[in-house]
Amino acid sequence: MIRRIRLIRSIGNLESVDTCRQIDLGQLVLFYGENGRGKTTLAAVFRSLATGEPNPIQERRSLTSDQQPKVVLDCDGDPPKAVFHGGQWNRKLPQLRVFDDTFVDENVHSGLFVESRHRKNLHGVILGSHGVKLQRQLEQIVDRAKRHNSELRVKRTAIPESVRFGFTVDRFCELTMIEDVDSQIRETERELAAARDQDAVSRTPLLEPIDLPDFDSEAIDKVLGRSLADLDATADARVRAHFESLGPGGEQWVASGMQRLSPSVGKENCPFCAQDLSASNVIGHYRVYFSEEYSELKRSIDQALQAVQIAHDGDAVARFERAVSAASQGRVFWSRLCEVTQFEVDSDLAVRNWKSIREGLLELLRAKRNTPLERVCIPKSLQQAMSLHKSHRKKIEEYNRQMAASNTQIRGVKEKAAAANPELIHSRLNALRARKSRHMGVNMKLCDEYLAEKKAKEQTDQDRAITRQSLSEYRDEIFPELETSINSYLDEFSAGFKLAGVEAVDISGGASCTYSIEIHDRQVDVARASADGQPSFSTTLSSGDRNTLALAFFFAALEHDPDLSRKVVIIDDPKSSLDDHRSLTTVQVARRFAERVEQMMILSHDKRFLCNVWSGFDRSSTRALEIARDGTGSILREWPVHEESVTEHDRRHVDLLKFVDGDTGNKREIARSLRPHLEGFLRVACPGEFPPEAKMGNFLHICRERIGQKDEVLNNAGARELSEMLEYANRFHHDTNPAWREEIISDAELLGFVTRVLAFARP
């Protein structure tokens, strides 16, 4: 509630108004003012207070003042003073509802036309505070959805196509991580490479085993360490020295001679000189030297020598090197397609070590062959080389075992490649790459932000659907009810037309409503232009009709406001362009609402209208103010509405009563007032038979004709009484007695007729 108007400065004609600062406003506040005094300006101040929008005040800034507009009002709530200063309010009063030209222009029509903006704004008026709250909530959600869409576009653009591997942003961001993605990518890359190189895969052979021949070190060591028990090294040296003294072929010549010795024991003669050889020491050495055991020793040495030469010749080395080269090439080819065992032997070192062992053993065996009875030991360096050789062999054997497993994979590669579809494999590979990319570094952050925004958008969409459903259900309920209420008020105003098809419609950028005017069972679309030769809003409704329609909209919206008891209602000149019979209805409707709202203020230039409102309302809660001229501006002051409410009929009635009570006063004026007093009473008591243009004589004629009838106006006694009173009163009326001023007046006779008139014209 607005308690007091403390100050209005530099707004329109209200240049410096503080004259009513001590006047407490009531539940009903009446503002009387002639046109142009500032009623509309005051309504604009209240409208600005309701919305907090400064323009209604700023655009009315006084042209004759250099001061800035200022308003100070005492209001309920916090802060208790509503102050407009410096172009803004310190608070709003959203429970204010204002009916004025601005309401009509914004929500109903502009002069002769109902435009789209009117229907859109009227949609909000019909919805009321609850519906508008839902509508604004929906609009806010729609705006939020737009912001989400804008953010999603930005976040979608931030995730480049190059990291998505053909996936849309939504599918890319929804990809989950798998633990072994790197190994799967590697395997799929190999599968794709094999599929794209099917011919080479089919032609390239499996891996072949590598052979590094072994040295029979145990056998060789045994041969090198052998000797003969019957032939020591000294004897062997003497025999060999003797052979050398014989010259080339000496050993063969002696061997041939030994075969010619007599086999009989004790009678060995030299085959050359026939001398007895039994006493010769050398013959014993010869026998041992040329024995089978000795020969077998030499054969073993030769065999060992030959075995080393054959097993470890240049061809064996070449085969080894070729095998190593083939394994390396095969691994290079197959390692990009599957897991291939690694050849971890230094082949150059192995060959060098191998050759050094071969040469070292051959050298030892040759030396043994030259001195079979000498024990030969393998040197430590050669033993180490042979140990390294064995190590190389173990690695090669392990390689050969793993190679078998590699060949199993290679066979699988060959089988898959033969029937592979490169496009499908490439698609699968991109899916794996995308999964990995999705959960890497900045991509993960960008995707998580996008998904969070998308989830927020989904929640907003859900909120929008729920709110839209709630609004739709509310509109389905309120619009038919408002149509009924509006038509009820139009009927109460005797408008002669009604509304049809009041419906809400959704349009681009918000909501609107549509309706038609129904006149004589024919509907007129208010959106139809008046220039098409068909009935339209401007051609079917008068100015009074259009204002009546606006009032009906306003009152119907108030009627359905669930928070009506807390509303402050401002009505500016509601009687404008209204017929007299609608004026009374407006008074009655205004009174009804004044009893239901927290506060009502009515501004009008029509004293009679305001007095009628005042006379039917609780006087203790009513205040009346006048917007009066003060120099070039206007001021607010108390308005003695009780005095303005006394009619001529009331004054005559008071004067007649005073005369009866003994105040003789001006007897001629008392006599002259009898006929007007009777006429005033009868026009109210019998409006159908005695309208304003009717004559008293005609009325009496109607009364006499209807005596005893169903539509009787006065009975016989009443008609006779009225006739007799008129007969006396006409003596003092200029129409019936030109000499009424000279008519002699009897005090007793006048008192009698005054008493009879008061009795007849009683309420």
For [Y], is there an ion pair with [X] - N to carboxylate O distance below 4.0 angstrom?
{"X": "Asp506", "Y": "Arg475", "value": "yes"}
{"X": "Asp74", "Y": "Lys81", "value": "yes"}
{"X": "Lys416", "Y": "Glu187", "value": "no"}
{"X": "Glu559", "Y": "Arg596", "value": "yes"}
{"X": "Lys567", "Y": "Asp563", "value": "yes"}
{"X": "Arg438", "Y": "Asp448", "value": "yes"}
{"X": "Glu449", "Y": "Lys445", "value": "yes"}
{"X": "Arg3", "Y": "Asp24", "value": "no"}
{"X": "Asp461", "Y": "Lys457", "value": "yes"}

Residues which pass salt bridge (charged side-chain N to carboxylate O under 4.0 Å, His left out) with Arg171, listed by chain and number, not counting sequence neighbours: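 Arg171: no salt bridge (charged side-chain N to carboxylate O under 4.0 Å, His left out) contacts found.
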Give the ring-plane orientation class for Phe555 versus Tyr489, where under 30° counts as parallel, over 60° as perpendicular and anything between as tilted.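 If you compare the ring of Phe555 with that of Tyr489, the planes turn out tilted.
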Heavy-atom check, side chain of [X] versus side chain of [Y], under 4.5 Å:
{"X": "Thr41", "Y": "Arg37", "value": "no"}
{"X": "Asp572", "Y": "Val98", "value": "no"}
{"X": "Met444", "Y": "Met177", "value": "no"}
{"X": "Leu499", "Y": "Leu490", "value": "yes"}
{"X": "Lys92", "Y": "Thr51", "value": "no"}

Would you check, one step at a time, whether the test salt bridge (Lys or Arg N to Asp or Glu O under 4.0 Å) holds for Arg433 with Glu189? CA-CA 10 Å; Arg433 287 171 172 169; Glu189 286 175 341; 3.2 Å; yes
Tell me every residue that passes side-chain hydrogen bond (donor to acceptor under 3.5 Å, both in side chains) with Glu179, counting only those two or more places apart in sequence or in another chain.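 side-chain hydrogen bond (donor to acceptor under 3.5 Å, both in side chains) check on Glu179 returns nothing, list empty.
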Worked verdict on Lys498 versus Asp491 for salt bridge (Lys or Arg N to Asp or Glu O under 4.0 Å): CA-CA 8 Å; Lys498 65 179 182 178; Asp491 183 61; over 6 Å; no
Per the side chain to side chain contact (heavy atoms under 4.5 Å, CB included) rule, which among Arg153, Lys146, His148 passes with Ser150?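 Among Arg153, Lys146, His148, the one meeting side chain to side chain contact (heavy atoms under 4.5 Å, CB included) with Ser150 is Arg153.
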Measuring centre to centre across the rings, with the benzene-like ring taken for any Trp, is Phe172 within less than 6.0 Å of Tyr450?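 Not close enough - the centres of the two rings lie 6.0 Å or further apart.
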